[in-house]
Amino acid sequence: MLKIAYVAPNFPPMGWGGIGTYVWQMTRALQSRPVHVTIVTGVDGADETERDVCITDKLRILRALPTLPIDAVRSECERVLSNLIKSPGLDIVEFAEYAAYGLTFQRAHPQFPAVVRLHGDTELCYLASIPPLKRAYKRLRRNATVELRYREEAETVGRAHFVTAPTQWTLDQADIRGWSHQQAAVIPNAFFGFPQSQGSSEPESAQHDVVL
C-alpha cells in the first residue's frame with residue numbers, strides 16, 4: 001500500500017479554504033485507492049497539545065504543527081516527517097509552495113521523494129486584486145519579508161522531485177518567475193463538496209476532526 005503524507009498547517013475544521021480544503025478533498029478522493037494517507041497539520045488553537053488520530057486504517061491525522069512563526073512550523077514539520085520515514089515508513093510527501101513549510105525537511109532529506117503543489121505563492125497573494133500601476137509599484141518596492149519568502153518558495157519548488165498545479169496558468173506563473181523544477185504536470189483539484197465536522201456522537205478521540 002502506497003503511503004503518502006500531506007502537510008497542511010490548517011486542516012478542517014481549523015482551516016476551511018485553500019490548502020487545508022484541497023488536502024481534505026484529495027484525501028477523500030484517495031479513500032477508494034490502495035493508499036494510506038497521513039495528514040500533518042496544525043494543533044487546535046484551543047488545545048495546543050499534539051494529537052495523533054487514526055480515523056480509519058487508511059487515514060491518520062497528526063495535529064502537531066504550531067501556527068507561527070514559520071521557522072517553528074518548518075522545524076516541527078521536519079521532526080515529524082523524519083520520524084514518519086523511519087517506521088512504519090512513508091513513500092512520498094506533498095507540500096504547498098506557499099510559505100515553503102516543507103523546506104527544512106527537503107534540505108535535511110534531499111533524496112526523499114517530495115511533491116510540491118502550486119496553490120499561489122506569497123508574491124501572487126501580495127499582488128492580488130491590485131490595479132496595474134499599483135501592482136508595478138509594489139513589485140518594485142517589495143518588502144524584505146516578501147523577498148525572503150519568495151526565495152524560499154523558489155527553493156522548495158526547485159528541490160521538489162515533482163511539481164503539480166491545478167491549472168496551466170498557475171504552472172506558468174512559476175515558469176515566468178524562473179523557478180526551476182525537475183518535472184511538472186497540471187492536475188485539477190478534486191471536489192466532493194465542502195467538509196463537515198464530526199458531531200458529538202463520534203468517539204472522543206476523533207472529535208474535532210473530519211468525516212471523509
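Computed from heavy atoms alone, side chains included, the values below leave out hydrogens, waters and symmetry copies. No experiment lies behind these values; they were computed from the predicted model shown.
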**Message:** If the condition is side chain to side chain donor-acceptor pair (under 3.5 Å), which residues does E155 pass it with, not counting sequence neighbours?
**Reply:** R107, R159
**Prompt:** Taking the side chain from D91 and the backbone from K3, do they hold a donor-acceptor pair closer than 3.5 Å?
**Reply:** yes
**Item:** D121/R177 ion pair, N-O < 4.0 Å
**Value:** yes
**Request:** Return the set of residues passing side-chain contact (heavy atoms from CB on, under 4.5 Å) with A108 (not counting sequence neighbours), or none when no residue passes.
**Result:** E78
**Fill in**
Sorted by chain and residue number, the side-chain contact (heavy atoms from CB on, under 4.5 Å) partners of P66 (sequence neighbours excluded) come out as A72, V73, E76
**Request:** Using modelled atom types only, decide if a donor and an acceptor are shared between the side chain of E152 and the backbone of A99 within a distance under 3.5 Å.
**Result:** no
**Item:** Cluster link Y98 to L103, ILVMFWY, side chain under 4.5 Å
**Value:** no
**Item:** V80 to A64 - nearest heavy-atom pair and separation
**Value:** CG2-CB, 4.0 Å
**Minimum side-chain heavy-atom gap R79-L84 below 4.5 Å** = no
**Asked** Quick one: are the ring centres of W24 and F191 less than 6.0 Å apart?
**Response** no
**Prompt:** Do you know the tightest heavy-atom contact between L30 and K58?
**Reply:** O-NZ, 4.1 Å
**Complete:** Separation between OG1 (T104) and CG (L81), nearest 0.5 Å, reads 10.5 Å
**Message:** Within the 4.5 Å heavy-atom criterion, are V93 and V115 side-chain neighbours or not?
**Reply:** no
**Item:** Partners passing salt bridge (charged side-chain N to carboxylate O under 4.0 Å, His left out) against D71 (at least two apart in sequence or in another chain)
**Value:** R74
**Prompt:** Minimum heavy-atom separation for A160 to V116, with atom names?
**Reply:** CB-CG2, 3.5 Å
**Prompt:** Which residues satisfy the ring-ring contact (aromatic ring centres under 6.0 Å, His included) test with H119, sequence neighbours excluded?
**Reply:** Y22
**Prompt:** Do the side chains of I19 and N10 get nearer than 4.5 Å, heavy atoms only?
**Reply:** no
**Prompt:** Side chains of E97 and W179: does their closest heavy-atom pair fall under 4.5 Å?
**Reply:** yes
**Prompt:** Do M26 and L2 share a hydrophobic cluster (ILVMFWY, side-chain heavy atoms under 4.5 Å, transitive)?
**Reply:** yes
**Prompt:** Is the shortest heavy-atom distance from the side chain of L65 to the side chain of V7 under 4.5 Å?
**Reply:** yes
**Request:** Give, for atom CD1 of I70 and atom OG1 of T122, the distance between the pair rounded to the nearest 0.5 Å.
**Result:** 7.0 Å
**Message:** Suppose we screen for side chain to side chain donor-acceptor pair (under 3.5 Å). Which residues come up paired with D175, at least two apart in sequence or across chains?
**Reply:** H181
**Request:** Please identify each residue that fulfils side-chain contact (heavy atoms from CB on, under 4.5 Å) with S75, with sequence neighbours left out.
**Result:** none
**Complete:** Those residues at least two apart in sequence (or on a different chain) that pass side chain to side chain donor-acceptor pair (under 3.5 Å) with Q183 are none
**Request:** Give the minimum heavy-atom separation between P166 and V186, together with the two atoms involved.
**Result:** O-CG1, 3.7 Å
**Request:** Only counting residues at least two apart or in another chain, list the ones meeting side-chain contact (heavy atoms from CB on, under 4.5 Å) with Q111.
**Result:** none
**Request:** Please identify each residue that fulfils side chain to side chain donor-acceptor pair (under 3.5 Å) with T164, with sequence neighbours left out.
**Result:** R117
**Item:** Residues that F105 engages under ring-ring contact (aromatic ring centres under 6.0 Å, His included), provided they are two or more places apart
**Value:** H109, F112
Would you be so kind as to tabulate the donor-acceptor pairs closer than 3.5 Å made by side chains of residues 32-39, with sequence neighbours excluded?
none

**Message:** With a 4.5 Å cut-off on side-chain heavy atoms, are L62 and T41 touching?
**Reply:** no
**Item:** Closest heavy-atom pair and its distance - A184, F162
**Value:** C-CZ, 4.0 Å
**Request:** Taking all non-hydrogen atoms of both residues into account, name the closest pair between G20 and F11 and its distance.
**Result:** O-CD1, 3.6 Å
**Message:** Under the criterion side chain to side chain contact (heavy atoms under 4.5 Å, CB included), I'd like the reasoning laid out for T167 against D172: C-alpha separation, chi angles, the key distance, then a yes or no.
**Reply:** CA-CA 9 Å; T167 65; D172 290 343; over 6 Å; no
**Prompt:** Would you say V40 and Y6 make side-chain contact, with heavy atoms under 4.5 Å?
**Reply:** no
